[in-house]
Each structure stands twice: as structure tokens, then as C-alpha cells.
Number of protein chains: 2
Amino acid sequence: MGDLAQALGVQKGSLYAHIESKADLLWEVAREGAEAFHAALDEVPDDGPVVERIRAALRGHLRVVAQQLDVATVFIREWRYLEGERRDTFIAERRRYEERFRALFREGRERGELRTDLDDGAAALLALSSVNWAYTWLRRDAGTDSLADRFTALLLDGMRGYSS
Amino acid sequence: MGDLAQALGVQKGSLYAHIESKADLLWEVAREGAEAFHAALDEVPDDGPVVERIRAALRGHLRVVAQQLDVATVFIREWRYLEGERRDTFIAERRRYEERFRALFREGRERGELRTDLDDGAAALLALSSVNWAYTWLRRDAGTDSLADRFTALLLDGMRGYSS
DNA sequence: TTTGGGACCGAACGATCGTTAGGGTGATGG
DNA sequence: CCATCACCCTAACGATCGTTCGGTCCCAAA
């Protein structure tokens, strides 16, 4: 709160003419984060090659991380400090996001665009881990699309030479 | 400190008969974490198929995460609260760990066991991201080896069907 | 012109937390 | 037997932090 007030050029107490509590602020940022990531997924077309949609989803996620790093940090890490009902509803929203991701891989498998023995749970976990971890090192001005493409290529084609 | 004292069945102040400061504790755990992860990497043989060594490295990392979750959490996340010189030396140790990981992928490419156009930096980043993120969801009793193997399979062979 | 209200200040409150101080106990070893 | 020392307690200190409160200023609506 002190830092926030200082960044606004205002005394600590003056903040409370605009907000109710610190917890409210965290909740607002968490909601904003959920909205941003879901919005990025909304931009992914719901038909066309699954591979391209996965690439678009990773691009979108990384873009949110890079361009709204603070919001993303709350969505990814700081949400833990939410309390009570807000915490529960946030977790549900977060699970929904992961589920939407997983559905991509499931559909890819079912359509035969991905390997038929694909473990879509592990696949979604792997993909989401890679982009979720990005908030720890990603710079705001990084070329996120090309990075997402490199991740996509690695995830889809693997690191072995056989498939090239 | 209060929680720690309570867990030990002791008053807060009594802790200081054994330690110097809270910062010292964090430093100790951070060092323990670095030691554990490096030790896990030491168990990986330095010859043989690179693919198997990568699998072993991921297994080792996940095992440390699962079995020493608190230590791993400090190594992965809480080290940020280290200060001064300790912070710097820790970061160096952490970078060295990442570099050892990356060397695996580089060697795999150079030996022709991995694709010749492999971006070993991105590959190491992807692999480390996947296992680093695990501390957020991994349960202590999880079958980490099989999980590491699933990750290894996905990373090496990819999610596309072509290579199977 | 008066009134109401939003924005802000300055100060303080109350809680938490890491740490210190002073004193007590009991076991150990010279 | 006595001194030492490790260990622990209670109490308090000082700093930080989120929040409250009374008061001032100023703009806009009545």
C-alpha cells in the first residue's frame, strides 16, 4: 500500500477514498488476469488445424504474460493470497482455463492430428507449465510470438531427429 | 518464525539460541536446495545415450521437488528474498544448474541423437520450465518417475503422430 | 451564495513480526 | 561441588503495514 501510494504521489491513507481494502485490489487484479488469459484463448479460432490453434494459444498466453506482467503474475502466482469464496471462484476460473487448453490437445488426438496415444492431460500440463513459468524470466519487450513458435515446434515435433 | 517455533513446540524467542536470524535460515534452505538439485544431476551418468540421461535428469529433478517440496520451493521461488552477496552467489549456482541442463541438449544435438537444428537454449528452457512448475501442483506421494517419463516422451518424440 | 461531497493530508491505531534482554533450569565436566 | 553452558521462558522493543479518523481544500450542483 505504501509503494502504491508513493507511485500515485499520494499519502497511504488517501488510497481509501478510492478502494475498500488491499484484498479488494488483489481480487480485482486476479479477475483482470483471468479475463486477459481467457480473452487470449477466445481469439483462437475454434476450427482449423489443431496444431495451428495450439500455436495461437501459446502465442496468446505468452503475449499476456509479456504485456501484462503484473496481472499475469497475480493470475499465475499471487492468487494464493486470495481468501474465502473469492479464492474458490478464482480457482474454478483457473481450472476452466486449463481445461480449455487440455481440450485442444484432446481434440487434436481425436481428430488424428496428434498422436493417437497422446496423454492429453500430460500434454496440456507440459504446455501450460512452459508458458506459466515464463513470467519468471520473460522481458516485457521480448519477441513472444517467435518464442511461442519455438516452444510449439519443440512440443509438437519433439527434440529427436527422426521426425524431420 | 512464529509458525516455526510452534512447530518445534517452543517460544519464538527461544529459536535464537540456535540460529542467528531468519535470513540465515532462508540462506541455509536455499543452499540445501541447490545442493539437492545438483546432487540429483550428479547421479546422471556422463556417458551413454543422451536421451536416457535427459530422462534421468528430469526424473531426478522431479524427485527432489516431490520429496523435498519445501526446499525445492525455496530453490525455485523463495530465493528471491535473499539479499546482497548471498543472492548473487545463489543466482550463480542456479545459472550453473540450468547450464548443466542445457549442456545435455547441446551434446545430444552435437552427437546427432537429437535433431541437428535443435535450439538447445529453448529446449533446456522448455524442459526446466515443465519440471520447475511442478512444485505448484506436485503431491509428495506422486509417482514422479512415471510422470518424468511421460514428460520425457512428449519432449523427445513430440505430440504429433509422425514419429511413432 | 450556500451546500455537499470527493480527494487528500497528517496522525495515529492496532496488529503482526523479527529480534533482544534478562532471568531461570538442568545437565555436564573439571 | 561448583562453574559453565545449552536451552528455554516471559516480556518487551522497534519496525512495518493496513486501516481509520478528523480535518482541510476545492469544485460543482442547488
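All of these numbers come straight from a predicted model, not from anything done at the bench. Residue numbers start from 1 in every chain, and the chains themselves are labelled A, B, ... in the order their sequence lines are given, proteins ahead of strands.
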D:dC7, C:dT19, C:dA7: which one has an atom nearest the side-chain heavy atoms of A:A17?
C:dA7
Specify the separation, in whole Å, of atom CE of A:M1 and atom C1' of D:dC17.
10 Å
Is B:E52 salt-bridged to B:R55, cutoff N-O under 4.0 Å?
yes
Indicate yes or no: at least one non-hydrogen side-chain atom of A:L58 is less than 4.5 angstrom from one of A:F101.
yes
Rounded interatomic separation in angstrom, taking CD1 from A:I19 and C1' from D:dT20:
13 Å
Heavy-atom donor-acceptor pair, A:E113 side chain to A:V50 backbone, under 3.5 Å
yes
When every nucleotide of nucleotides 21-28 of chain D is labelled 5' to 3' by its protein contacts under 4.0 Å (heavy atoms), B for base, S for sugar-phosphate only, - for none, what sequence of letters results?
--------
Using atom OH of B:Y81 as one end and atom P of C:dC17 as the other, report the distance to the nearest whole Å.
15 Å
Check every atom of C:dG10, D:dC17, D:dC8 against the side chain of A:Q11 and return the nucleotide holding the closest atom.
C:dG10
Is any side-chain N of the basic residue among B:R140 and B:D70 closer than 4.0 Å to the acidic one's carboxylate O?
no
Whole Å only: how far is the NZ atom of A:K22 from the C1' atom of D:dT20?
16 Å
So does A:H18 get a side-chain nitrogen or oxygen closer than 4.0 Å to the phosphate oxygens (OP1/OP2) of C:dC8?
yes
When you get a sec, tell me which of D:dC8, D:dC17, C:dG18 is the closest nucleotide to the side chain of A:K12?
D:dC17
Going by an N to O cut-off under 4.0 Å, is there a salt bridge joining A:E99 and A:R106?
yes
Among the nucleotides D:dT10, C:dG18, D:dT19, whichever has the atom closest to the side chain of B:Y16 is C:dG18
Taking CG from B:L15 and P from C:dT19, how many angstroms apart are they, rounded to a whole number?
10 Å
Name the orientation class of the two ring planes belonging to B:H61 and B:F37 (parallel below 30°, tilted from 30 to 60°, perpendicular beyond 60°).
tilted
Whole-Å gap separating C1' (C:dC9) and CG (A:L8)
15 Å
Under the salt bridge (Lys or Arg N to Asp or Glu O under 4.0 Å) rule, what do A:R86 and A:D24 come out as? Steps first, then yes or no, please.
CA-CA 10 Å; A:R86 288 176 169 180; A:D24 278 11; 3.0 Å; yes
Starting from P on D:dG18, measure out to CG on A:L25 and report it in whole angstrom.
11 Å
